[in-house]
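Encoded as structure tokens, the structure appears first; notes follow it.
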Amino acid sequence: MTFFYRCYHFILQCIISFIGVPNPRLYTGYNGFEQWLETWNNKKALLVVSDSTLFNLGLLEHTLALLDEHKITWHLYIDVSPNPTIDNVENGLSLYREKQCAGLVAIGGGSVLDCAKMIAVRSVKPKKSIKQLKGLFKVLKKLPPLCAIPTTAGTGSETTVAAVINDPKAQTKYAITDFCLVPSDAVLIAPLTQSVPNFITAATGVDALTHAIESYIGKIGTDFSNQKALNAIKLIFNNLPTAFNHGDNLVARENMLLASFYAGQAFTRASVGYVHAIAHQFGARYGTAHGLANSVLLMPILTFYGEKIYPQLAAIGDFCEITQVEQSTQEKAKIVLKTIEQLLLELKIPNTLAEIRATDVGELATAAMKEAHPDYPVPAFMSHTECEAIISQLTE
Ligand SMILES: [Zn+2]
């Protein structure tokens, strides 16, 4: 079976290398947003997609004022739920059509960015429902311009090929994956992440770290994805503690946004691994926040891989300049593991999750294995029993 999985991973790697995932044009700061606005010279209307919390916090004010200054007509859609639904997308689409918009600006976390991506998709796929678009390569069309402005440093949705939309009636969610879902533009504005509470800064930051590590130690990384992953890890090691302890430090905030962007570029090409496969099951069953679930699982999974990932961990240590040339691969790997462990400690990440029930462990493991195999190019395969043991460790 594992031979079949590896063949599948090889084919996946060929597709990604052959077709090539696009990158958004990257801008930084409100100046960067103005530069993007200058490219919007057709002056057609834009749909601004966000959520009511961000709107009520006044986080959209400066962006909307800049749109006015540039005499661009805009319409606001702020009814995106924390887990965006099909209705959120369809209502946004109605406004987009009614106001004859020609592009979108999305300001928010992963949920807002995913909802905006799907409004863009539905605008070019009027006859296909979201359910019909789920899975791989069902869109295959150029989308209208989408300027993605993340307000958390973690998901990397501003540069990824996927969107996740919930169907509350069917009690399920759909992942839509296509290269055309990568937004045309991304703007990283550090002040927008300043009001994020520090426990969310920690969890979303470790989500980005997990994207970078899982893509780097996985089997289908390319030179490009590996370089982006290493850059993301170094930025996170050097900036996440400051962003967590001193939320108003805009340099650390900007570096975390950049790290999240690089990690997004890495994992959208080289995929993720067992941390995500298991974390998604905690999210689905208990509503555990994605970043927190990843944070709790990261060390147990890296420990499970053991010596098989020592060379990659040692390379991370060298790149981040936390190891010495004369040290052995094993010594370097252990330093990197210790660095991650200490980072999690400093970020006050718990070792267990109270919501996990011992009676659910078997089903959680089955679902995680189903998600991981064969899709995730993990560095070493895990059995159902091993997966159960890791989840059991996390119960209180
Ligand atoms: Zn993630």
Side-chain angles (χ1 to χ4, degrees), residues 21 82-84 108-115 117 148 150-166 173-177 181-183 186 193 196 199-218 220-221 225 228-229 231-233 235-236 240 243 256-302 340 343-344 347 349 353 364 367-368 371-372 375-379 390-391 394:
V21 181
N83 293 307
S111 51
V112 165
L113 270 44
D114 282 5
C115 184
K117 285 179 181 181
T151 56
T152 55
T155 67
S157 183
E158 69 278 8
T159 183
T160 65
V161 295
V164 178
I165 301 296
N166 290 267
K173 52 175 82 177
Y174 305 122
I176 298 93
T177 304
L181 260 68
V182 176
T193 66
V196 173
F199 70 95
I200 295 181
T201 298
T204 51
V206 178
D207 184 27
L209 179 66
T210 310
H211 294 154
I213 293 178
E214 291 208 297
S215 63
Y216 188 71
I217 62 176
I220 65 166
S225 74
K228 293 294 174 186
N231 279 302
I233 295 167
L235 281 168
I236 293 167
L240 183 51
M256 281 306 298
L257 276 171
L258 197 57
S260 169
F261 182 81
Y262 288 155
Q265 286 182 307
F267 91 88
T268 212
R269 288 164 176 80
S271 195
V272 285
Y274 287 124
V275 179
H276 272 78
I278 304 174
H280 286 152
Q281 312 320 318
F282 295 166
R285 188 170 285 239
Y286 311 118
T288 312
H290 177 67
L292 176 65
N294 277 335
S295 308
V296 175
L297 281 158
L298 184 57
M299 279 311 293
I301 298 294
L302 294 180
I340 298 168
L343 176 68
L344 297 175
L347 301 175
I349 300 295
L353 286 173
L364 288 164
E371 175 170 330
D375 283 357
Y376 296 165
V378 289
I390 286 173
I391 299 172
L394 307 178

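Both ligands and their constituent atoms are indexed starting at 1 by order of listing. Basis for what follows: all heavy atoms, side chains included, without hydrogens, waters or symmetry-related copies.
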Closest His211 atom to the Zn ion (ligand 1) [N, O or S only]: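 So the atom name we want here is NE2.
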The Zn ion (ligand 1) -> His276, closest N, O or S atom is NE2
* **Heavy-atom closest pair, residues Gly291 and Asp207** =>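 Result for this residue pair: CA-CB, 4.1 Å.
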Result for side-chain contact (heavy atoms from CB on, under 4.5 Å) between Ile220 and one of Pro377, Ser225, Ser215 points to Pro377
Would you say the side chains of Thr268 and Lys228 form a donor-acceptor pair under 3.5 Å?
->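 Side chains of Thr268 and Lys228: no pair found under 3.5 Å.
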- Once the angle between the rings of His276 and His290 is folded into 0 to 90°, is it parallel (under 30°), tilted (30 to 60°) or perpendicular (over 60°)?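 Geometry flag for His290 against His276: tilted rings.
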* To do: Report the angle formed at the Zn ion (ligand 1) by atom NE2 of His290 and atom OD1 of Asp207, rounding to the nearest 10°.
  =>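 Here the angle at the metal atom is close to 90°, to 10°.
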